[in-house]
Amino acid sequence: MSTELEMPAELAAVAAGEAEAVARLRASLVDAAGADGLIDVAYRLVDSPVGPLLLAGTAVGLVRVAFAREGHDAVLQSLAVTVSPRILRAPARLDDAARELEEYFAGRRRLFDLPLDLRLATGFRREVLAHLPEIGYGHTASYATVAALTSSPHAVRAVGTACARNPLPLVVPCHRVVRSDGSRGSYLGGTEAKALLLDLEAGAATCP
Amino acid sequence: MPPPFERLVEAHGAAVLRVCRALVGVQDADDVWQETFLAALRAYPSTAVLNGEAWLVTIARNKALDHHRKAGRLPIPASSQGAADGALPRGLPRGLPRGLPARTPGGTASGGADGVAHSVEAGEDAARVWAAIGALPKKQREAVVYHHLAGLRHAEVAGLLGNSEAAARRASADGMKALREILQGTGMSDTPEGRGQ
């Protein structure tokens, strides 16, 4: 709603400095809400070589990493439904995740050491995600190989689905799962992003 | 499907601040804004929120009433106190020679004297409007604030004021008319310096 446009000219002066005041109040609201345990989902945006990333966390841990192409607004709306609508932009709560991702993209981190909240992946999808960290940094595995690690060794297509719906891409390395013919296959962050990540890891892995 | 609470803060934070400033004055508005959004977040989303803004303004209005009750005084809304108090000391460097030691923090930080002067004028203009709003009869004041400053529809204003949509519309129109007269009456003549630039 564009209240500014509808405001009579005589009253317009009251909006002076309002944006700064609201920004200041927002920050202290986040502090107070956090202290009262009222933030169910905290989020922040970070820039990365694969575009802006949305990071969202609960009291348990990092719950969602989303690429811009997934639509950050849609992802937040979906978190409002699946986790809780008590969602606030609270960047400080995701400092650790932001820092580790920055180190990862700089080639200085091979393993993520973050508490994860895997509630968005259930059943077989969750089982698949649990096996993905077994594919080491700089390595790849085929969908069939990953399936063979699970309780349903023939569920190759289901492994593909689990990767495509990974709520924690990058941190849970679904980008290391490729096709049996050696081609890279699809990626929820886009094929360019997958190529960039595999190249990054290949380059960094060869350095001492 | 309730939206992320953040969306409500983004969309309505400024409007709710205007309501708070109008109801309890610029000085105390921050506390009431904070209480409003904390209470809203605490209730969210168990309350059926059809119109986020009307809901938030309702909470703000209740928090403002609490505030006055606690302070044990009648509503003295929108006095020019807050904005003017905050703005005037920063206006001093305007007239001071540049060689003087920085007695007034913030005056030389950024933007230079022009920036300071502009923000002071903006603060004075805002204080003048808040004072005029505060001088309105209660019903007119609330109707003007909810409709013109917060952007609620007359029907929603009527819901808050407990009257009819037509009555809310009339109160808003009468309030704006009175406001124009007040603003023209106080005019710009009481602040000769800093004008005519």
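The structure displayed is predicted, hence computed values, not measured ones.
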**OP:** Sort out for me which of A:S28, A:A32, A:A33 touches chain B most, counting heavy-atom pairs under 4.5 Å.
**Re:** A:S28

Subject >> Among the listed options A:P85, A:A80, A:A12, the residue most often paired with chain B at heavy-atom distances under 4.5 Å >> reply: A:P85

Original post:
Among all residues two or more places apart in sequence or in another chain, which pass the side-chain contact (heavy atoms from CB on, under 4.5 Å) test with A:A144?
Top reply: A:S142, A:V156, A:S180

Original post:
With A:R165, which residues qualify under side-chain contact (heavy atoms from CB on, under 4.5 Å), at least two apart?
Top reply: A:R125, A:T161

**OP:** For each of B:P2, B:A29, B:G13, tally heavy-atom pairs with chain A at distances under 4.5 Å, and name the one with the top tally.
**Re:** B:P2

**OP:** Determine the option with the most heavy-atom pairs under 4.5 angstrom with chain A, choosing from B:D30, B:V144, B:L179, B:V9.
**Re:** B:D30

**OP:** Sort A:D36 into side chain, backbone, both or neither according to what part of it lies under 4.5 angstrom from a heavy atom of chain B.
**Re:** side chain

Original post:
So which part of A:V14 gets closer than 4.5 Å to some heavy atom of chain B, the side chain, the backbone, both or neither?
Top reply: both

Subject >> Residue B:L17 versus chain A: region with a heavy atom under 4.5 Å >> reply: side chain

Subject >> Short N-O contact, A:E100 and A:R108, less than 4.0 angstrom >> reply: no

Taking atom types as modelled, is there a side-chain donor on [X] or [Y] under 3.5 Å from an acceptor on the other?
X	Y	answer
B:H67	B:D31	no
B:Q140	B:S172	no
A:Y104	A:E201	yes

